[in-house]
Structure formats: structure tokens, C-alpha cells
Colleague: 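Dumping the structure here so I can ask a few things about it.
Every chain is numbered from 1, with letters handed out A, B, ... down the list of sequences. Nothing here was measured: the structure is a model prediction, and the numbers come from that model.
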Amino acid sequence: MQTYLIAAYIIAWLGVCIYLVVLAMRMRGVRTELAAVAELVREQLEQKEQ
Amino acid sequence: MALAKQISQTTDGHVVGGQRLARRRWPLVSVILGVLTALTMSLSIWLIFVYTPIDALQGETQRILYFHVPTAWAGMLSFVIMAGLGIIYLFKPDERLDWLARASAEVGVVFLTITLILGATWGKPIWGAWWVWDARLTATLILWFMYVGYLMLRSYMGRTVESARGGAVIGIIGAIDVPIIYLSVNWWRGQHPVTQIGTQGALPPQAVLTIMVALVAFTLLYAFMMVQAYQLQRLQTLAQRLRIQVE
Amino acid sequence: MRMTRVFCLQIWAILWKDIRYELRSKQTWLGMGMFALLVLVIFNFTFDLHPDTVAAIAPGALWVAFIFASLLGLGRTVAAEREQTSLDRLLLTPVDRKAIYLAKLLGNLLFIGVVEIVALPVFAILFNLPIWQGSTLLTLILIVILGALGIASVGTLFSVLAAATQARELLLPILVFPLVVPVVISAVRATSVVLVPSVNEPPWLSLLLAFDVIFLSASTLLFQYVIED
């Protein structure tokens with residue numbers, strides 16, 4: 001009886017935590033990408049001004 | 001030259017605005033929601049494992065329901081939100097609505113997956129089977145498939161207006177469909193299975209309190225995840241738009 | 001009055017264009033028919049049918065065959081038009097989007113219906129089913145047409161959506177199968193009630209009709225948002 005309870009709670013918390021970690025990783029990825037692209041845009045603009 | 005100026009304005013607006021928003025405004029909301037979630041979640045865990053008496057009939061296993069019901073609620077709520085946002089989007093196209101709908105689908109599929117697994121682990125000791133094809137379970141499973149189909153379609157179509165419209169259409173058709181599925185499975189089975197949960201009179205007051213706190217905790221968790229997922233959608237769209245400008 | 005006539009004429013023009021195209025190519029409906037028959041043959045082996053079990057399994061076998069076959073046909077709704085970029089030209093014409101939807105739906109329904117009505121007698125022969133009395137046969141044909149309408153109304157809408165992606169063959173069933181569950185349930189049950197009359201069944205045929213009306217009206221209203229550029 002108790003094994004099912006323990007298994008259920010482990011699965012639930014694991015699910016929530018894995019999703020949060022995945023979200024954080026995707027967020028970090030997109031932030032890095034955003035910074036890189038912003039740098040590219042800045043360089044391009046500088047070239048145009050020259 | 002005018003074009004370059006315009007680009008510089010928009011990109012500066014995007015980059016600076018985006019980074020500022022990303023650093024300041026959202027984390028405050030996230031922090032508040034996160035703290036609230038952590039507090040209510042700890043409270044509800046204490047309530048579940050210490051405060052509530054052991055169920056006379058179902059024993060320890062019954063405690064699964066204190067998580068199962070709130071995750072199911074969050075999954076259904078996010079579907080309703082997705083469908084509602086879809087309707088609004090078709091009348092008043094705004095990409096923020098679409099980001100929110102997509103975030104809702106993503107969080108919803110996580111919650112519904114947990115719901116289904118928890119339901120199975122509860123059903124095995126109580127019903128003697130991992131799965132029963134009753135109306136409630138079937139409708140939830142179909143809803144899960146709709147979420148997955150929605151997310152697959154969205155990821156294949158990319159971040160376009162057509163993709164957002166298609167998502168809205170799926171949300172609306174799905175919202176019409178889920179009650180029909182529930183009813184038709186009920187008729188198909190020929191009998192209404194006895195509701196094991198939700199019969200409030202049978203539950204002791206401690207259990208009702210516990211389940212209410214758990215509902216609040218999971219709604220807060222849902223809101224927290226929604227803020228994060230929405231933020232992710234927004235930043236992804238922003239990054240993609242900037243890259244198009246560079247190319 | 002004149003509006004309605006123009007609307008019907010528009011539907012007919014698009015439908016007739018599609019019919020001529022399909023008659024010329026033949027590949028879709030021949031393929032669908034062969035596919036439906038092959039599924040029935042496979043079912044015969046997987047379930048090892050006996051005369052006493054056949055009435056319980058046959059409706060399910062029939063509808064699985066029909067659903068898979070109709071999805072093959074639905075995938076073709078606008079695929080050819082997307083490949084030859086004539087969809088844009090169709091959208092440029094001053095035609096109501098509802099007319100485009102209804103024409104596409106009628107085209108799909110026609111091909112699915114023809115394939116299914118041809119497959120039905122073959123199915124009855126292969127499985128030794130007693131369907132040859134007039135009223136039974138008519139009811140079965142009605143169920144088949146209503147079931148096809150339910151699948152086609154949702155399927156037409158989503159095939160246009162799925163056609164916009166690279167993976168339309170994969171996406172179409174994933175989107176359509178969950179949504180047509182009510183239609184499938186009521187069609188299968190209605191078929192089994194016809195084959196083996198039983199008491200205390202809900203009015204499946206009316207339910208099927210109601211589901212068709214709901215799906216048809218929702219899809220007709222929503223189609224314009226799927227196809228607009």
C-alpha cells in the first residue's frame with residue numbers, strides 16, 4: 001500500500017522538478033542566444049554607420 | 001538610411017526593453033509567486049502527511065488524491081484558459097495572447113501527465129487496475145492527446161500568425177469536444193461509475209481543508225510555471241525576430 | 001435568395017474541379033479502397049474470427065478500416081493545391097471561405113463515402129454478415145455516411161492546418177483521432193446495434209447526427225481562420 005503512495009509522490013515531484021529544470025535551461029539558452037544576436041545587430045549597425 | 005534608422009530604433013527598443021524586462025519586472029512576480037508556492041506547498045505537505053487522519057477504507061493510498069485532484073484541476077484550468085485565449089485571439093489578434101496560450105498548453109500537459117500517472121498509481125491498489133476506461137479517465141486521456149497534438153503542430157508551424165490561428169482553432173474545437181467525449185463515453189459504458197472522490201459529505205473536515213490548501217498550492221505553482229513559460233515564449237519570439245533582422 | 005444560389009454555385013465549381021482532378025489521377029480513391037480492404041483482411045487474422053464472435057468484432061473492424069482509409073484520403077485535401085501553389089489563387093478569387101470549406105468537405109465526403117459503400121458489401125461477404133435485408137442495408141449506409149461526415153468535417157479543417165507543415169501525414173492523425181472519438185463511439189455502437197439488436201441502448205444514430213451537426217457548424221465557422229493568409 002505504502003509503496004504506491006511513495007512512488008506516486010516521487011513521480012509527481014520528479015515531474016514538476018524536471019519541468020522546472022527544463023524551463024530554466026531553455027530560458028538560459030534563449031538568453032544566451034538573445035545576447036549573441038543583439039551583439040550581431042549592434043555590429044551590423046556600427047558597420048552601416050561607418 | 002531611413003530603414004537603418006528604423007531598424008536601429010526597433011532593435012534597440014527590443015533588445016534594451018527585452019533585457020530590462022527580463023531582468024527586472026518578471027523576476028519580482030516570479031519571486032513572489034515562487035515564495036507563495038513554496039509556503040503553501042510545504043503547508044499542504046504537512047497537512048497531507050501529518051494533519052489528516054488515515055482514510056478508513058483506502059488507507060495510506062488515499063493520500064495520493066490530495067495531489068491527484070489539484071494536478072487534474074490545474075490541467076483542466078490551463079485547457080480552459082487556452083481555449084478562452086483562443087477565442088479572444090481570433091477576434092483580437094495579439095501575440096501576447098498566443099504566448100500565454102502556448103505556455104498554458106505546455107504547463108497543462110505537464111500537469112495532466114502527472115495527473116494520469118498519479119491516478120494510475122492510486123487505481124492499482126484501490127481498483128486493482130492501472131487504468132479503467134471510464135468517462136472521466138478517457139476524457140482526460142483524450143485531453144492529454146489534444147495538448148500533445150497542439151504542441152506538435154505549434155512546433156512544426158513555427159512562430160507565425162497562421163500557427164497562432166491554428167492553435168486557437170484547436171483550442172476551441174477541443175473545448176467543444178471534451179464535454180462531448182465525456183458524455184459519449186458515459187453512454188458507451190452504459191453505467192455511471194460511482195464517484196470515488198468529490199463526495200464532500202463522505203470526507204472528514206480535515207480532508208476537505210487539506211484538499212483546499214493543496215488546490216491553492218497547485219494553482220500558485222501553475223501560475224508560477226505559467227509566468228516562466230510565458231517569459232520563455234516571449235524571449236524566444238524576440239530572439240527569432242532579431243535573428244531575422246540580422247539576416 | 002440570389003446569395004444562396006451564388007454560394008451553391010461556388011461550392012459546385014470548386015467541388016467539380018476537385019472531382020475532375022481526382023478522376024484523372026485515380027490514385028487516392030483506389031489506394032483508399034485497397035487500404036480499407038487490407039485492414040479488414042488483417043483483422044481477420046489478428047482476431048481469428050468465428051461465427052459466434054464475428055458480430056461483436058465486425059463493427060470495430062469495419063470502423064477501424066474506414067477511419068484509417070479516410071485519413072489517407074483527408075491528407076490529400078489541399079496537398080495537391082499546396083504543391084502546385086494553386087491554393088493562393090483559389091484564395092484570391094472572391095469566394096466565401098465557407099464555400100471553400102463546404103466544397104472541400106463534400107469532395108472528401110464523396111471519396112470516403114464511395115470507398116466505404118463499395119467496401120461495405122465486400123466486408124459483409126468476407127465476414128458472413130446478415131445485412132442484405134432492405135432496411136438493415138439502408139440503416140447501415142446511413143450510419144456509414146454520417147460517420148464519414150463526422151470524420152470528414154473535422155478532418156477537412158485539420159488537414160488544411162497540417163498541410164502547412166512538413167509533417168502532414170504524421171500530424172493529421174494525431175490531431176484528428178482524439179477529436180473524432182465521439183463520432184467513432186456512436187458509429188461503432190450504431191453499427192453493432194444494427195447487426196445484433198439489443199435493448200437499453202442510447203439512440204446512437206441520433207447522437208451521431210448531433211455530433212455531426214456540432215462538428216460541422218464549428219468547423220465551418222472556424223475554417224476561415226485556418227486558411228486565411
Colleague: Would you check if there is a donor-acceptor pair between the side chains of B:Ser104 and B:Tyr222 at a distance under 3.5 Å?
Modeller: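 Short answer, yes.
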Colleague: Which one of B:Leu90, B:Val169, B:Ile172, B:Ile142 has the most heavy-atom pairs closer than 4.5 Å to chain C?
Modeller: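 Sorted descending by pairs with chain C, the first entry is B:Leu90.
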Colleague: Grab the two heavy atoms, one from C:Leu91 and one from C:Ile227, that are nearest each other, plus how far apart they are.
Modeller: CD1-O, 3.6 Å
Colleague: Pick from B:Ser163, B:Gly174, B:Gly149, B:Ala168: which one has the most heavy-atom pairs with chain C under 4.5 Å?
Modeller: B:Gly149
Colleague: Considering only heavy atoms, which portion of B:Ile176 lies under 4.5 Å from any heavy atom of chain C: side chain, backbone, both, or neither?
Modeller: side chain
Colleague: Search all heavy atoms of B:Tyr147 against all heavy atoms of B:Phe79 and return the closest pair with its distance.
Modeller: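 Closest pair (atom of B:Tyr147, atom of B:Phe79, distance): OH-N, 2.8 Å.
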Colleague: With only heavy atoms counted, which part of C:Leu179 is less than 4.5 Å from chain B, the side chain, the backbone, both or neither?
Modeller: both
Colleague: Do you know which of B:Leu141, B:Val161, B:Leu143, B:Ile173 has the most heavy-atom pairs with chain C at a distance under 4.5 angstrom?
Modeller: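 Top option by heavy-atom pairs under 4.5 Å: B:Ile173.
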Colleague: Scan side-chain atoms only and decide if B:Thr138 and B:Tyr182 contain a donor-acceptor pair under the 3.5 Å cut-off.
Modeller: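 Short answer, no.
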Colleague: What do you reckon, are the aromatic ring centroids of C:Phe127 and C:Phe43 less than 6.0 Å apart?
Modeller: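 Ring centroids of C:Phe127 and C:Phe43 are no less than 6.0 Å from each other.
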Colleague: Below 4.5 Å from any heavy atom of chain B, which atoms of C:Phe177 appear? Answer side chain, backbone, both or neither.
Modeller: neither
Colleague: If we define contacts as heavy-atom pairs under 4.5 Å, which of C:Ala164, C:Ala167, C:Ala210 has the most with chain B?
Modeller: C:Ala167
Colleague: Between C:Tyr101 and C:Arg97, is any side-chain donor less than 3.5 angstrom from a side-chain acceptor?
Modeller: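 No.
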Colleague: Given a strict heavy-atom distance threshold of 4.5 Å, which part of C:Leu222 is in contact with chain B: side chain, backbone, both, or neither?
Modeller: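 Contact with chain B involves both backbone and side-chain atoms of C:Leu222.
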